[in-house]
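For the numbers below, each heavy atom of this structure counts, side chains included, while hydrogens, waters and symmetry mates do not.
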Amino acid sequence: MGILTAAASVPVLLFGLQSGAIADRLTRHRPLMIACELVSCAAAATIPIAWLLGVLNVVWLIAVALVIGTAGVLFKAANFPHLAAVVDPSQRTEAMAGFHASYSVASVSGPGLAGLLVQLLTAPLAVLAEAFAFLTSALLLRTIRTPEHNTPTTSKSMWRDVVEGLRTSVTHPVLRALLGAGVTINFFAMAYTAVYMLYMLNTLGIPKALIGVLIALSGAGGLFGAWLTARLSKRYGEDRVLIVSVIFFPIEILTVGLLTGPLWWKLALLALTGTVTGGIVVAFATCLGAITLRETPPELRGRVNATTTFAVQGVLALGGLAGGFMAELIGLRQVILICAAGIALSTIWIWTSPLRPQRRRTTLPHTPAPSPTDSTTHLIETKRRASP
């Protein structure tokens, strides 16, 4: 089971950076995305067929996981620049919000739906439902009629293309801050996830059924967060929404780590902070994606996005291992508090970057001070793309 679980993530580490270079070479991304969904559909469909023929084994499952994982890597690499090509710049934040809201709902409802399908259909036939989901995705992508306007990059070589994407991600001050914050958050979030269930059950005494309800509330918070982010970003800009949202990231984990008292009190606080955090996560992810699109040169969007995905996936595994190891040494509650403090470090990346509101002196030496109506400070103007 460990090997099978890891097989789904291996393609990101093997092909993640190269997938971004491939995406940047394409004039049209939609055909590749449709092909990836069809390949995944065919791979998933082989599982119930092999089961019916009596030849299904763990090697087959691992092979299917590798194929679907590889197709998913290519799909995600193409999806990011495809969004920029078909969505007007003035609507990209709303589009990002819609994507992350759907991801939030899917991440909460997907496991429960999978369990229900396994109970109703048996596991192999439940995978057949996944195959139909991939096919539905391909058909929906096929219905998109908006033409793509993408200028492919001039490729030097795969290695040089990959290095150029890496260099841009770590040298551009805004992109570097976003990458650093994302890696920091995901490392400590995965360390928290590794001990979350044990802590909720054994330390806080939360019933298993109610843990599922609390998780579902975070998905509801994600929907509200997407709706609110789309409106706040129009009024204040993505930069300001991002720098405010990152401050509140550790609230839920800190609450969990410090929580004591009767069960009703624990449930009330966990429900409140979980719902709020669900919205904060979507707000942060939405603005991060919109700012990345804005700051990244069009010919590098695939590679910059692939670099971010590669880095995040890499630290997820390390974070999970670190969380379990620390829990053995110092205990569950201590790990929770360390994770809250670690996620708070992400604010340093954002607030020391050009995204932070800065003050600028406007008074020249030996000149009278301006009147109260003349502002001597202002926030950095949000660099939003104008509609064509």
Nearest atoms (heavy-atom pairs only) where [X] meets [Y]:
| X | Y | answer |
| --- | --- | --- |
| Ala95 | Val87 | CB-CG1, 4.2 Å |
| Tyr199 | Gly257 | OH-O, 3.6 Å |
| Pro147 | Val86 | O-CG1, 4.1 Å |
| Trp60 | Thr46 | NE1-OG1, 3.1 Å |
| Gly323 | Val195 | O-CG1, 3.6 Å |
| Gly289 | Phe80 | O-CZ, 3.9 Å |

Main-chain N/O of [Y] paired with [X] side-chain donor or acceptor, under 3.5 Å:
| X | Y | value |
| --- | --- | --- |
| Glu148 | Arg30 | yes |
| Asp24 | Gly302 | yes |
| Thr296 | Leu293 | no |
| Arg92 | Ala84 | yes |
| Lys266 | Leu204 | yes |
| Arg176 | Thr171 | yes |
| Ser218 | Ile215 | yes |
| Asn186 | Gly182 | yes |
| Thr203 | Met200 | no |
| Ser346 | Ile343 | yes |

[atom2] on [Y] to [atom1] on [X], rounded to 0.5 Å:
| X | Y | atom1 | atom2 | answer |
| --- | --- | --- | --- | --- |
| Leu228 | Ser245 | CG | OG | 11.0 Å |
| Leu272 | Leu217 | CG | CG | 10.0 Å |
| Arg25 | Thr27 | CZ | OG1 | 12.5 Å |
| Lys76 | Thr308 | NZ | OG1 | 13.0 Å |
| Phe75 | Ile34 | CZ | CD1 | 9.5 Å |
| Leu355 | Trp349 | CG | CH2 | 13.0 Å |

**Prompt:** What do the steps show when you test Arg356 against Asp239 for salt bridge (charged side-chain N to carboxylate O under 4.0 Å, His left out), and what is the final call?
**Reply:** CA-CA 8 Å; Arg356 178 189 176 184; Asp239 294 14; over 6 Å; no
Heavy atoms, side chains only, cut-off 4.5 Å: are [X] and [Y] in contact?
| X | Y | value |
| --- | --- | --- |
| Val335 | Cys339 | yes |
| Pro11 | Leu66 | yes |
| Ile291 | Leu242 | yes |
| Leu83 | Phe99 | yes |
| Thr273 | Val256 | no |
| Thr307 | Thr168 | no |
| Asn79 | His29 | no |
| Phe134 | Ile68 | yes |

**Request:** Could you check whether the rings of Tyr103 and His100 sit parallel, tilted or perpendicular, using 30° and 60° as the cut-offs?
**Result:**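 Rings of Tyr103 and His100: perpendicular, as their planes differ by over 60°.
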**Asked** Is the count of non-hydrogen atoms from other residues, nucleotides or ligands lying under 6.0 Å from Arg28 atom CZ greater than 12?
**Response**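 Result for CZ/Arg28: open.
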**Prompt:** Taking everything shown except Arg231 itself, do over 12 heavy atoms lie less than 6.0 Å from its CZ?
**Reply:**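 Counting neighbours around CZ of Arg231, more than 12 heavy atoms of other residues, nucleotides or ligands fall under 6.0 Å, so yes.
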Are [X] and [Y] connected, step by step, through hydrophobic side chains (Ile, Leu, Val, Met, Phe, Trp, Tyr) whose heavy atoms are closer than 4.5 Å?
| X | Y | result |
| --- | --- | --- |
| Leu198 | Ile336 | yes |
| Ile62 | Val39 | no |
| Ile350 | Ile348 | no |
| Val246 | Val244 | yes |
| Val281 | Leu179 | yes |

**Message:** By the definition side-chain contact (heavy atoms from CB on, under 4.5 Å), identify the one residue from Leu125, Leu56, Leu121, Leu53 that meets it with Pro48.
**Reply:**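 Result for side-chain contact (heavy atoms from CB on, under 4.5 Å) with Pro48: Leu125.
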**Message:** The test is side-chain contact (heavy atoms from CB on, under 4.5 Å); show your working for Thr184 and Val315 and say whether it passes.
**Reply:** CA-CA 8 Å; Thr184 302; Val315 300; over 6 Å; no
**Prompt:** Can a donor-acceptor pair be found between the side chains of Thr93 and Glu238 at a distance below 3.5 Å?
**Reply:**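 Short answer, yes.
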**Message:** Assess the residue pair Asp161 and Gln18 against the criterion (side-chain contact (heavy atoms from CB on, under 4.5 Å)); give the C-alpha distance rounded to whole Å, side-chain angles, the decisive distance to 0.1 Å, and a yes or no.
**Reply:** CA-CA 8 Å; Asp161 289 349; Gln18 297 91 322; over 6 Å; no
**Item:** CA sep, side-chain torsions, deciding dist, call: Ile206, Leu263, side-chain contact (heavy atoms from CB on, under 4.5 Å)
**Value:** CA-CA 7 Å; Ile206 307 298; Leu263 180 61; 3.8 Å; yes
**Message:** Run Leu321 and Phe325 through side-chain contact (heavy atoms from CB on, under 4.5 Å) and show every step you take.
**Reply:** CA-CA 6 Å; Leu321 291 173; Phe325 181 73; over 6 Å; no
